[in-house]
Amino acid sequence: MNMLMIARHELKVISRSKWVFSFTILYTVLAITIVLFGGSAEEAGFTGFNRMAASLLNLSLFLVPLLTLLIGSTSLVGDKEDGSLTLLFTYPIPTSRILVGKFIGLLVTLFAVITFGYGAASLILFFSKASVSLHFFLLFYGFTMLLMVLFLGLAMLVGVLSSTRFQALGLSLILWAVTVLFYEFVIMGLAMVIGKQAILAMFTASILLNPVELIRVWTIISMDSGSIFGPHLYDLTVWSEGNIGQIVFALTAILWVLIPILISNSILKRGINHGA
C-alpha cells in the first residue's frame, strides 16, 4: 500500500460523510447570499475592500477553519476507533507517508467543497452580468484554499492527540474559538497595556502566530487595501506590502503546515514504538 492508495481510500471514505455534504450546502448558500446581497457591482468595481469583499473574507475566516478542523480531526480519530489506522501501521510504510496520504485525501475533499461554493457564486455573478474583476474573485478563492491547507495541518494534529471523536470535536471547537473569536480580543487587550514603541512589533508577531490573522492581513494587503489599517499601522502596511513581508508571510504559511504534521508524525512514531 502506497501513499496515493491511502489518499484515494481517505477520499472515498470522507466523501460519504454527512458533515461534508452539510458544510457544502451551508458554504454554498452563504456564498451565494453574499454575492447577491453583499453589495452592488458598481459600489467599488470589485477592486477595493468593499462590503462584499469584507463579507466574503469573514465567511472564509469563520467557516473554513471550522470545516477543516472538524472534518480533518474526526476523520483521523475515526480511523483510530475502528482500527483501520492500526492496520495501516502493520504495513511496511512510514508513518509520514500515512499522514501525507490522509492529508492529500482530505485536501482533495475540502478543495471540492470550497470550489463548489465559489463556483456556484461565480455562476450567479456570470448570469447576473455583474462587472466583476476576475483577479478579485481568484484572489479570494486562492487565499481561502490556503487557509484550508493551514488548518488541515492543525486538524491532523488534533486527530492524533485525540482518543475519541467526541474529544476531537471538543478540541477542534476550542482551537477554532481561540484562533477565530478570542484571539483578537487578547491582542487588543495587550495593546492597551504595553508601550507604544512595542505595539508595532506585537501586531506583527500576532499576525504570524495565528493562521487566521495571517490570511486576513495577507488578503487585504494583496488587494492593495492596506490603508484600512489606519495611519498608526502605516509602517506595518509598508513592510507587509514589500518583498520581505511577502516572503515572511509565505515562509510562515509553510511552517503552519509543516510543523503540525511533523509533530503528529513524531507522536505516532512514539506511540508505535511504545506499543500504543
Side-chain angles (χ1 to χ4, degrees), residues 11 20 23-24 26-28 30-35 38-39 41 44-69 71-72 103-126 130-156 179-180 207-208 210-226 228-229 237 240-258 260-261:
L11 177 61
V20 173
F23 270 109
T24 302
L26 176 63
Y27 193 84
T28 302
L30 290 177
I32 292 175
T33 302
I34 289 174
V35 166
F46 289 98
T47 58
F49 196 76
N50 59 358
R51 186 172 58 183
M52 180 182 291
S55 299
L56 282 175
L57 181 59
N58 285 329
L59 172 65
S60 296
L61 294 177
F62 271 80
L63 274 190
V64 171
L66 182 62
L67 162 70
T68 306
L69 287 170
I71 292 180
F103 185 93
I104 294 174
L106 290 167
L107 179 65
V108 173
T109 302
L110 294 169
F111 173 86
V113 171
I114 296 173
T115 300
F116 186 86
Y118 269 87
S122 64
L123 285 177
I124 296 296
L125 288 172
F126 175 78
S131 56
V132 182
S133 168
L134 181 61
H135 171 74
F136 166 86
F137 210 76
L138 291 179
L139 181 69
F140 268 88
Y141 176 75
F143 276 110
T144 301
M145 289 299 176
L146 179 58
L147 179 66
M148 179 265 290
V149 174
L150 299 187
F151 271 90
L152 187 53
L154 293 172
M156 301 291 286
T179 55
V180 177
I207 294 169
L208 303 179
N210 186 347
V212 173
E213 293 305 315
L214 176 66
I215 296 301
R216 188 199 308 275
V217 173
W218 204 354
T219 303
I220 294 173
I221 292 297
S222 298
M223 294 178 63
D224 296 326
S225 301
I228 69 171
F229 295 126
T237 302
S240 300
E241 292 175 341
N243 292 332
I244 295 179
Q246 293 295 304
I247 292 174
V248 171
F249 284 171
L251 291 176
T252 303
I254 293 173
L255 290 177
W256 270 112
V257 178
L258 289 180
I261 293 179

Got a sec, which residues hit side chain to side chain contact (heavy atoms under 4.5 Å, CB included) with [X], two or more places apart in sequence or on another chain?
| X | answer |
| --- | --- |
| V64 | Y27, S60, T68, I114, T144, L147, M148 |
| A112 | none |
| I32 | T28, L36, A120, I124 |
| L30 | L26, L59, L63 |

Between [Y] and [X], is there a side-chain heavy-atom distance shorter than 4.5 Å?
| X | Y | result |
| --- | --- | --- |
| R216 | I207 | no |
| V149 | F103 | yes |
| I71 | T109 | no |
| V180 | L61 | no |

Pairwise distance CE(M145) to CG(L138) - rounded to 0.5 angstrom: 11.0 Å
Measure the spacing between CG of L67 and CZ of F23 and express it to the nearest 0.5 Å. 5.5 Å
Set of residues satisfying ring pair (Phe, Tyr, Trp, His ring centres under 6.0 Å) with respect to F249, sequence neighbours excluded: W218, W239
Suppose we screen for ring pair (Phe, Tyr, Trp, His ring centres under 6.0 Å). Which residues come up paired with Y141, at least two apart in sequence or across chains? Y118
What one should report as the nearest heavy-atom pair of G72 and L152 is CA-CD1, 4.5 Å
Nearest non-hydrogen partners of V212 and P65, listed with the distance: CG2-CG, 4.4 Å
Could you pull out every donor-acceptor pair under 3.5 Å between side chains of residues 250-258 and any protein atom, sequence neighbours left out?
from : atom 1 : to   : atom 2 : distance (Å)
T252 : OG1    : V248 : O      : 2.7
W256 : NE1    : L208 : O      : 3.0

Any donor-acceptor pair under 3.5 Å linking the side chain of Q246 with the backbone of S240? yes
